[in-house]
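When a ligand or atom number is given, it counts from 1 through the structure's own listing order. Since we're looking at a predicted model, the values are computed, not measured. Because only heavy atoms are used, hydrogens play no part in the values below, and waters and symmetry mates are left out as well, while side chains stay in.
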Amino acid sequence: MTPNSHIKILMVVGARPNFMKAAPIIRAIGKHNDLGKAPEIRHLLVHTGQHYDTMMSDRFFVDLGLPKPDMHLGVGSGSHAEQTAEILKKFEAALSQEQPDIVIVVGDVNSTLACSLAAAKLPSAPHKSRPLIAHVEAGLRSFDREMPEEINRVLTDHLADLLFVTEKAGLSNLRHEGISPEKIFFVGNTMIDSLLAFKEQAHQSQILDQLGLRAGEGRNGSGRPAKRYALLTLHRPSNVDECSSFQEVLEGLSDLTRRTEIIFPVHPRTRRRIEEFGFERYFRSVANQQADQRIQGIRLIDPLGYLDFVCLMKNAGLVLTDSGGIQEETTCLGVPCVTIRENTERPVTVKHGTNVIAGTSSSGIRKAIARQMARKVKPCVPEKWDGKAAQRIIPILISSARKQFAACAVRAEAVSQPI
Ligand code: UD1
């Protein structure tokens with residue numbers, strides 16, 4: 001950045017849960033520039049390619065109105081080390097080429113950590129510092145180091161210069177880890193910015209009709225209310241990668257399947273495990289009409305785009321998940337949520353929201369479902385989950401870049417002084 005000129009930002013996305021967190025920031029940057037505010041923000045979108053299937057990536061660009069990535073690193077799948085290393089190498093080259101003032105990373109996926117690490121290790125020159133690293137969704141902790149996401153969160157937060165926090169627990173977590181309070185900003189939740197921005201559009205989705213989930217007979221269309229159904233997502237390695245753990249979870253759902261239909265948009269990881277473990281009998285899909293009679297209600301469908309998924313979530317009687325973000329979205333929508341995990345890094349969804357932590361045993365899952373079916377829940381809006389998180393982030397980025405520039409100018413001046 002030069003005084004009164006522009007700030008250059010690289011925004012990183014890589015995997016499905018990143019897209020809805022990044023979209024509001026890109027929109028807020030566009031608005032800032034359209035209003036002719038200074039400094040101009042030049043912005044490049046970098047897709048690492050961690051997720052690459054149409055339904056895990058491209059469809060979200062369409063649904064969320066995201067611009068086409070300016071750079072695609074095309075890293076694809078691999079072990080954690082392979083994927084992280086590949087992103088590190090390719091993102092370092094992108095940084096050297098583009099020389100941004102700020103790198104923004106979101107969430108807790110391998111792309112988040114790898115890009116922060118590449119940026120943190122760039123050498124600073126007297127007249128140009130390494131880019132500032134901004135982490136959106138900082139401070140969340142499950143305190144479970146078995147989760148790859150927890151490692152990504154902790155390390156990214158310790159590399160970041162600007163930590164944008166979604167809920168108050170994040171503030172105390174970062175304080176306990178000794179992170180300087182000047183770096184920490186409680187701004188709200190950009191994923192909820194997306195939810196609020198697209199909720200009405202999601203209402204127009206045809207997915208309920210496509211899946212035959214409208215109640216009653218009569219005219220086709222969105223006038224009729226939804227049938228009662230539950231929505232399931234499962235993809236955590238700890239739930240689906242081990243045959244016995246996966247089976248335990250499926251057994252925990254067996255009572256519910258007798259009472260209600262369960263719709264399961266299946267992640268590619270989980271689909272592979274279903275085939276590998278020979279679990280097809282648990283599911284009803286076009287390919288398998290011979291499902292086990294006890295649990296035939298679980299209906300397997302392909303992964304969905306953002307608008308269709310929000311529509312299914314909004315109309316569901318119950319959501320069952322091991323995702324992080326869905327716990328937050330259901331809280332805002334006032335839909336009861338059963339989290340099939342031993343912990344959550346998002347405690348506000350349990351304390352004030354609609355979420356219960358079931359654990360991963362079949363008895364724990366059954367109990368949590370029974371509790372949620374009997375409970376009356378209402379939408380809850382945690383503090384600052386008001387659709388304005390991205391708006392709060394932009395001025396902080398600008399003032400931090402200005403400070404960085406001023407510090408750099410002082411350093412360059414000192415270096416140029418004759419001894
Ligand atoms: C990643 C994130 C997780 C996030 C999830 C959302 C990490 C450590 N994990 O997990 O936090 O909740 O995304 O989906 O970053 N695959 C495809 N097509 C794709 C992407 C993946 O077929 O577009 C397959 C690959 O074969 C891969 C497997 O799914 O081996 C898992 O993908 P990966 O990106 O490694 O992790 P996720 O389980 O998706």
Side-chain angles (χ1 to χ4, degrees), residues 12-22 47-64 69 72-88 90-91 105-117 135-138 140-142 144-157 191 194 232-242 245-246 264-277 300 302-306 309 313 319-330 337 339-341 343-346:
V12 176
V13 291
R16 184 169 62 176
N18 291 162
F19 306 129
M20 51 295 248
K21 294 169 190 169
H47 192 327
T48 64
Q50 178 174 343
H51 283 177
Y52 42 83
D53 283 354
T54 307
M55 292 310 288
M56 298 295 284
S57 176
D58 304 4
R59 175 68 186 270
F60 286 78
F61 278 72
V62 176
D63 281 4
L64 292 159
H72 202 295
L73 307 183
V75 299
S77 300
S79 70
H80 283 268
E82 284 165 350
Q83 193 173 58
T84 308
E86 200 58 25
I87 301 171
L88 261 174
K90 293 193 166 164
F91 191 63
V105 294
V106 298
D108 56 15
V109 301
N110 287 343
S111 302
T112 312
L113 170 61
C115 293
S116 309
L117 187 52
H135 184 205
V136 174
E137 199 188 84
L140 297 181
R141 296 289 181 269
S142 65
D144 175 2
R145 293 280 174 112
E146 293 293 313
M147 285 179 77
E149 293 82 3
E150 182 74 353
I151 310 282
N152 293 341
R153 287 181 204 117
V154 172
L155 295 179
T156 302
D157 283 344
M191 195 190 61
S194 278
L232 170 67
T233 80
L234 274 181
H235 73 279
R236 295 262 152 232
S238 55
N239 278 336
V240 302
D241 281 359
E242 286 266 334
S245 317
F246 195 177
F264 184 17
V266 69
H267 185 283
R269 163 196 289 287
T270 312
R271 185 177 287 278
R272 274 213 314 270
R273 297 296 178 231
I274 291 170
E275 286 161 13
E276 198 179 314
F277 301 147
L300 214 56
D302 285 334
L304 294 170
Y306 183 67
F309 189 78
M313 207 165 30
V319 172
L320 306 131
T321 191
D322 60 5
S323 144
I326 292 171
Q327 299 170 50
E328 297 181 337
E329 290 167 331
T330 46
C337 178
T339 294
I340 304 175
R341 282 176 44 188
N343 51 51
T344 181
E345 61 288 333
R346 291 159 160 94

Problem set entry | Listed partners of Tyr52 passing ring pair (Phe, Tyr, Trp, His ring centres under 6.0 Å), at least two apart | none
At what distance is the nearest protein heavy atom to [atom], and which residue and atom is it?
atom: atom 31 (C) of ligand 1; value: Arg269 NH2, 3.9 Å
atom: atom 2 (C) of ligand 1; value: Val109 CG1, 3.6 Å
atom: atom 8 (C) of ligand 1; value: Asn110 OD1, 3.3 Å
atom: atom 27 (C) of ligand 1; value: Ser77 OG, 3.4 Å
atom: atom 22 (O) of ligand 1; value: Pro268 CB, 3.3 Å
atom: atom 18 (N) of ligand 1; value: Asp53 OD2, 3.0 Å
atom: atom 11 (O) of ligand 1; value: Glu149 OE2, 2.6 Å

Exercise. Under 3.5 Å, side chain of Gln83 to main-chain N/O of Gly76, donor-acceptor pair present?
Worked result: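 Looks like yes, one N/O pair under 3.5 Å.
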For this session: Verify, without hydrogens or angle tests, whether Thr270 (side chain) and Leu234 (backbone) share a donor-acceptor contact under 3.5 angstrom.
Result: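 Yes, Thr270 side chain to Leu234 backbone: donor-acceptor pair under 3.5 Å.
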For this session: For ligand 1, find out whether one of its N or O atoms is nearer than 3.5 Å to an N or O atom of His80.
Result: no
Problem set entry | Polar contact flag for Tyr52 and ligand 1 (N/O pairs, less than 3.5 Å) |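 Indeed, backbone or side chain, Tyr52 has an N or O that close.
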For [X] versus [Y], what's the shortest heavy-atom pair and its separation?
X: Val240; Y: Arg273; answer: O-CG, 3.2 Å
X: Pro148; Y: His80; answer: CB-CE1, 3.5 Å
X: Met55; Y: Leu304; answer: CE-C, 3.7 Å

Exercise. Looking at the rings of His47 and Phe61, which for Trp means the six-membered one, are their centres under 6.0 Å apart?
Worked result: yes
Exercise. Which of these passes side chain to side chain donor-acceptor pair (under 3.5 Å) with Asn152: Asp157, Asn110, Asp108, Thr112?
Worked result: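 Single pass found, and it is Asn110.
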Exercise. Do the side-chain N and O atoms of Gln327 and Thr344 include a donor-acceptor pair separated by under 3.5 angstrom?
Worked result: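 Per modelled atom types, Gln327 and Thr344 side chains form a pair under 3.5 Å.
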Seminar exercise, completed: Closest to atom 35 (O) of ligand 1 by heavy-atom distance, out of Gln83, Glu150, Glu82, is Gln83
Seminar exercise, completed: Closest to atom 4 (C) of ligand 1 (heavy atoms only, candidates Arg236, His235, Arg16, Met55) is His235
For this session: Select one of side chain, backbone, both or neither to describe which atoms of His51 lie under 4.0 Å from any atom of ligand 1, heavy atoms only.
Result: both
Exercise. Relative to the ring of Phe19, is the ring of Phe60 parallel (under 30°), tilted (30 to 60°) or perpendicular (over 60°)?
Worked result: tilted
For this session: Look at ligand 1 and say whether Ser323 reaches it with a heavy atom at a distance under 4.0 Å.
Result: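 Contact check Ser323 vs ligand 1: negative.
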For this session: Could you list which atoms of ligand 1 come closer than 4.0 Å to a heavy atom of Arg272?
Result: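 Per the distance check, 24 (C), 25 (C), 26 (O), 30 (O).
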Exercise. Which of the atoms in ligand 1, numbered in the order shown and given with their element, are less than 4.0 Å from a heavy-atom of Pro17?
Worked result: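 Selected atoms, number and element: 4 (C), 6 (C).
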